[in-house]
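These notes concern the structure reproduced below.
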Amino acid sequence: MALFRITVKQKVRTNGIVLDPGMQVEVVTQSYSDPVHTNGGQVVADAFMRIYGVDIKKAGALNGIYLKVDRIG
């Protein structure tokens with residue numbers, strides 16, 4: 001299992017959703033692949049919804065342009 005920290009790199013304001021730089025979530029996955037690009041990033045989207053109550057998919061920010069991914073474990 002791998003632990004990843006996903007951090008918002010830049011401000012996003014789209015479809016009534018605001019993401020600020022520095023917002024971050026940690027997710028655990030069973031693979032060592034980037035969770036943003038694995039299974040449509042669902043585990044990352046779920047984490048942002050659970051922690052911040054924002055739909056990162058609806059904001060169109062579920063990609064490497066807006067998110068920095070670090071493997072921490």
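These values consider heavy atoms only, across backbone and side chains, with no hydrogens, waters or symmetry-generated copies.
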Item to complete: Begin from the C-alpha positions of D20 and V8 and carry the test side-chain contact (heavy atoms from CB on, under 4.5 Å) through to its verdict.
Response: CA-CA 7 Å; D20 291 315; V8 177; over 6 Å; no
Worksheet item: When you look at K11 and V18, which way does the side-chain contact (heavy atoms from CB on, under 4.5 Å) test go after all the steps?
Response: CA-CA 7 Å; K11 188 148 189 117; V18 178; 4.0 Å; yes
Practice prompt. Evaluate the side-chain contact (heavy atoms from CB on, under 4.5 Å) criterion for residues M49 and V54: first the C-alpha distance (whole Å), next the side-chain angles of each, then the deciding distance (0.1 Å), finally the verdict.
Written response: CA-CA 5 Å; M49 182 59 79; V54 295; over 6 Å; no
Fill in: V27/R5 under side-chain contact (heavy atoms from CB on, under 4.5 Å): CA gap, chis, key distance, verdict
CA-CA 7 Å; V27 296; R5 178 178 297 132; over 6 Å; no
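Across all non-hydrogen atoms, the minimal contact from L62 to A45 is CD2-CB, 4.4 Å. Annotation for S31 and A2: closest pair O-CB, 3.6 Å, computed over non-hydrogen atoms. Residues V12 and A59 come closest through the heavy atom pair CG1-O, 4.2 Å. The shortest non-hydrogen separation linking V43 to V28 is CG2-O, 4.4 Å.
A side chain to side chain contact (heavy atoms under 4.5 Å, CB included) with F4 holds for exactly one of T29, D70, I72; it is T29.
Counting only heavy atoms from C-beta outward, the side chains of I6 and F48 approach each other to under 4.5 Å.
With hydrophobic clusters built from ILVMFWY side chains whose heavy atoms lie under 4.5 angstrom apart, L3 does not share a cluster with M23.
From S33, atom OG reaches atom CG of N39 across 9.5 Å, with rounding to the nearest 0.5 Å. Here the straight-line distance linking atom CE of M1 with atom OH of Y32 works out to 9.5 Å at 0.5 Å rounding. The CG atom of L67 lies 9.5 Å from the CD atom of Q10; values are rounded to the nearest 0.5 Å.
At distances below 3.5 Å, at least one donor-acceptor pair connects side-chain atoms of R71 with backbone N or O atoms of G73. Here the side chain of N15 pairs no donor or acceptor atom with the backbone of I17 at under 3.5 angstrom. In terms of modelled atom types and a separation under 3.5 Å, the side chain of D55 and the main chain of K57 share a donor-acceptor contact.
Residues K68 and Q24 bring no donor and acceptor atom of their side chains to less than 3.5 Å of each other.
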